[in-house]
Amino acid sequence: MSSPEKKMENKGFFSSMSSSLSIFSNAMHRSVNGMLGYENLEVVNPEGGKDDAEEEAQRGRWKQEERDSYWRMMQKYIGSDVTSMVTLPVIIFEPMTMLQKMAELMEYCHLLDQADECEDPYLRLVYATSWAISVYFAFQRTWKPFNPILGETYEMVNHNGITFLSEQVSHHPPMSAGHCENEHFIYDVTSKLKTKFLGNSLDVYPVGRTRVTLKRSGVVLDLVPPPTKVHNLIFGRTWVDSPGEMIMTNLTTGDKVVLYFQPCGWFGAGRYEVDGYVYDANEEPKLLMTGKWNESMSYQPCDVEGEPLPGTELKEVWHVADTPKNDKYQYTYFAHKINSFDTAPKKLLASDSRLRPDRYALEMGDLSKSGAEKSSLEERQRAEKRNREAKGDNFTPRWFDLTEDVAATPWGDMEVYQYNGKYTEHRAALDNSDIVEVEDVKTKEFNPWQYNDLSAA
């Protein structure tokens, strides 16, 4: 039995960051005739048209004069990687950073707990892969998160017993590293997005490496997600699709899951659908999986031809949780928790994303202040870089070390950062000058630079 038809080669890591680049502006003035005006359909026009552009403007996005202005600015970047080379207005941002978006993968981390507790090696992969799929519901948001400042961090506790930490370990190229752990699993990721700007769309390639270790069995899982395409950046309704394969491999046994994300056609045909199989080390299918990445995933035992076994039925493994109605940024309840200090540790690093003044101003609805603060932070970062270069210093991440490992991807090799354990060792012993009380957080200054002795780096 062969896997679902492979539409494109892709490797990389799972990252909270696919839709993060969804508004890298531009416009191709494409006139699309016909097939417009249908009601109650998710995707009105995949190619982008002016009929639904007004709806986007009413949602707080591009007005006509803004489209024209940013098209003039962006057209020179067609065909380029625009991950960090373009300055964008805060009107298209959401009040969250890329480091925080990485943590959205942990909303349904109880599925990894279930994978760790599961005796069946194939069902274990069903739980783990469903966890990986679950974040795509959040990835369909089309607001852009803030790019982290070099040295910025994000911490999260008080959710399913986890301790989550992420850090911006490189600015050019932009790279983030993350570590999460509870009594059942260890999660490690190095994230390095690569993009290709195509006019009225953007291809996002998830370059990187994601590993999950299940503590009870000791198995190590490797995750390779599909690339993502962001459609209608200026004209039409902006939307996100991730056609291609997701592969999760048990590096200990050789078992794997291959799932195919169906591409979206006109009027939403096929959008969200995911189908595939769990294979043993001999590539024989054991379980079929099916569902929609914005709704639920189910599994069923199958024969060697991939057909459901007689007397069996589909069993649901994951279902998306209820979400707030009419939320401005289409946030889930969990996304709001990510910004909340309720999920922060008792004493918080001053480099934490929650403390960014531009992010907080946007959350409060003050776009003017948010834009000014964003510009100020970016200029401060440039000044810090000039200062390091003048001294001949290099930036050194505090919580993650650069390893000798190299992850090969279709888009080039990528260095790997690994959690160094210092956060766990020193968390309780952090000097008072290095931490701020959560209760006083609104009066404290965001400072991602104080944690590295630049003169000794």
Side-chain angles (χ1 to χ4, degrees), residues 13-16 102-135 155-166 177-190 208-225 246-259 276-289 291 296-301 315-319 321 334 343 345 399-400 403 405 416 418-425 427:
F13 72 103
F14 195 58
S15 97
S16 26
M102 291 171 67
E104 284 201 82
L105 186 55
M106 293 301 149
E107 177 169 5
Y108 299 96
C109 64
H110 67 275
L111 291 168
L112 290 180
D113 296 351
Q114 291 177 274
D116 183 52
E117 295 169 344
C118 184
E119 298 286 350
D120 185 318
Y122 309 121
L123 185 55
R124 179 187 298 150
L125 283 172
V126 169
Y127 285 123
T129 310
S130 297
W131 160 79
I133 290 173
S134 67
V135 76
E155 303 172 80
M156 184 177 191
V157 295
N158 302 329
H159 174 71
N160 198 42
I162 68 169
T163 298
F164 178 92
L165 172 69
S166 55
H179 175 83
C180 185
E181 188 170 353
N182 70 2
E183 62 178 323
H184 291 286
F185 68 86
I186 300 171
Y187 163 82
D188 288 291
V189 62
T190 300
R209 191 180 79 172
T210 295
R211 295 283 170 83
V212 175
T213 302
L214 301 179
K215 291 186 174 181
R216 186 168 177 266
S217 61
V219 303
V220 179
L221 307 177
D222 179 79
L223 180 65
V224 179
M246 171 184 283
I247 302 174
M248 177 174 280
T249 304
N250 184 330
L251 299 179
T252 307
T253 66
D255 303 332
K256 66 180 179 180
V257 180
V258 181
L259 296 177
Y277 296 93
V278 179
Y279 298 90
D280 65 15
N282 297 317
E283 298 190 352
E284 181 177 302
K286 296 296 182 180
L287 300 171
L288 65 84
M289 293 183 66
S296 64
M297 288 299 297
S298 300
Y299 77 95
Q300 187 173 0
K315 293 184 178 180
E316 188 176 82
V317 176
W318 164 76
H319 194 96
F334 185 72
T343 55
W399 311 114
F400 295 86
T403 70
D405 293 343
V416 175
Q418 187 70 28
Y419 174 63
N420 58 27
K422 293 179 181 179
Y423 176 83
T424 302
E425 296 172 4
R427 188 70 182 88

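Below, each value reflects all heavy atoms present in this structure, side chains not excepted, and no hydrogens, waters or symmetry copies. In this chain, residues are counted from 1 in sequence order.
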So Ile162 and Tyr187, do their side chains get closer than 4.5 Å, heavy atoms only?
no
To the closest 0.5 Å, what do you measure between CZ (Phe185) and CG (Leu214)?
9.5 Å
With side-chain hydrogen bond (donor to acceptor under 3.5 Å, both in side chains) as the test, would you mind laying out the steps for Glu155 and Tyr423 before giving the verdict?
CA-CA 10 Å; Glu155 303 172 80; Tyr423 176 83; 2.4 Å; yes
Can you list everything that forms a ring pair (Phe, Tyr, Trp, His ring centres under 6.0 Å) with Tyr122? Sequence neighbours excluded, please.
none
CZ of Phe400 to CG of Leu165, rounded to nearest 0.5 Å, is 4.5 Å
Checking the side chain of Asn182 only, and the main-chain atoms of Gly161 only, is there a donor and an acceptor separated by less than 3.5 Å?
no
Any side-chain heavy atom of Leu125 within less than 4.5 Å of one from Lys256?
no
For a 4.5 angstrom cut-off between non-hydrogen side-chain atoms, does His179 reach Ile186?
yes
Counterpart residues, side-chain contact (heavy atoms from CB on, under 4.5 Å), relative to Thr343 (two or more places apart)
Tyr154, Met156, Lys337, Arg354
Write down the atom of Glu117, the atom of Arg216, and the distance for their closest heavy-atom approach.
O-NH1, 3.7 Å
Flag the pair Asp405 / Arg209 as yes when at least one side-chain heavy-atom distance between them is below 4.5 Å, and no otherwise.
yes
Which residues pass the ring pair (Phe, Tyr, Trp, His ring centres under 6.0 Å) test with His110, sequence neighbours left out?
none
Tell me every residue that passes salt bridge (charged side-chain N to carboxylate O under 4.0 Å, His left out) with Lys315, counting only those two or more places apart in sequence or in another chain.
none
If every non-hydrogen atom of Met297 is compared with every non-hydrogen atom of Gly291, which pair is closest and at what distance?
SD-CA, 3.7 Å
OG of Ser298 to NE2 of His319, rounded to nearest 0.5 Å, is 10.0 Å
Looking at Val220, is its backbone amide N or carbonyl O close enough to the side chain of Thr252 to form a donor-acceptor pair, meaning the two atoms are under 3.5 Å apart?
yes
Does the Trp131 side chain pair with the main chain of Met106, one donor and one acceptor, at a distance under 3.5 Å?
no
Listed by chain and number, what are the side-chain hydrogen bond (donor to acceptor under 3.5 Å, both in side chains) partners of Asn160, not counting sequence neighbours?
Asp113
Listed partners of Asp280 passing salt bridge (charged side-chain N to carboxylate O under 4.0 Å, His left out), at least two apart
Lys286
Contacts of type ring pair (Phe, Tyr, Trp, His ring centres under 6.0 Å), residue Tyr108, not counting sequence neighbours:
Trp318
List the steps, then state whether side chain to side chain contact (heavy atoms under 4.5 Å, CB included) holds for Thr424 with Tyr419.
CA-CA 10 Å; Thr424 302; Tyr419 174 63; 2.6 Å; yes
dist Gln418:CD -> Thr403:OG1 (nearest 0.5 Å) comes out at 7.0 Å
For Thr253, which residues count as a side-chain hydrogen bond (donor to acceptor under 3.5 Å, both in side chains) partner, sequence neighbours excluded?
Asn250, Asp255
Would you please indicate if the ring centroids of His159 and Phe334 are separated by under 6.0 Å?
yes
Is there a side-chain contact between Arg124 and Val219 (heavy atoms, below 4.5 Å)?
yes
Any side-chain heavy atom of Leu223 sitting closer than 4.5 Å to one from Val212?
no
Exactly one candidate in Val257, Leu287, Leu111 meets side chain to side chain contact (heavy atoms under 4.5 Å, CB included) with Val126; the answer is Leu287
Which residues pass the side-chain hydrogen bond (donor to acceptor under 3.5 Å, both in side chains) test with Glu183, sequence neighbours left out?
none
Go through the structure and list residues passing ring pair (Phe, Tyr, Trp, His ring centres under 6.0 Å) with His184, not counting sequence neighbours.
none
Is the shortest heavy-atom distance from the side chain of Thr249 to the side chain of Ile247 under 4.5 Å?
yes
Please test Tyr299 against Ser130 for side chain to side chain contact (heavy atoms under 4.5 Å, CB included), starting from the C-alpha separation and ending with a verdict.
CA-CA 10 Å; Tyr299 77 95; Ser130 297; over 6 Å; no
Nearest heavy-atom approach of Leu221 to Ala128 is CD1-CB, 3.6 Å
By side-chain hydrogen bond (donor to acceptor under 3.5 Å, both in side chains) - contacts of Gln114 (at least two apart):
none
I want to check something: taking the side chain as every heavy atom from C-beta on, are Val135 and Glu107 in contact at a cut-off of under 4.5 Å?
no
Spell out, as yes or no, whether a donor-acceptor pair under 3.5 Å connects the side chain of Asp188 to the backbone of Arg211.
no
Going from OG on Ser296 to CD1 on Ile133, what distance comes out if it is rounded to the nearest 0.5 angstrom?
10.0 Å
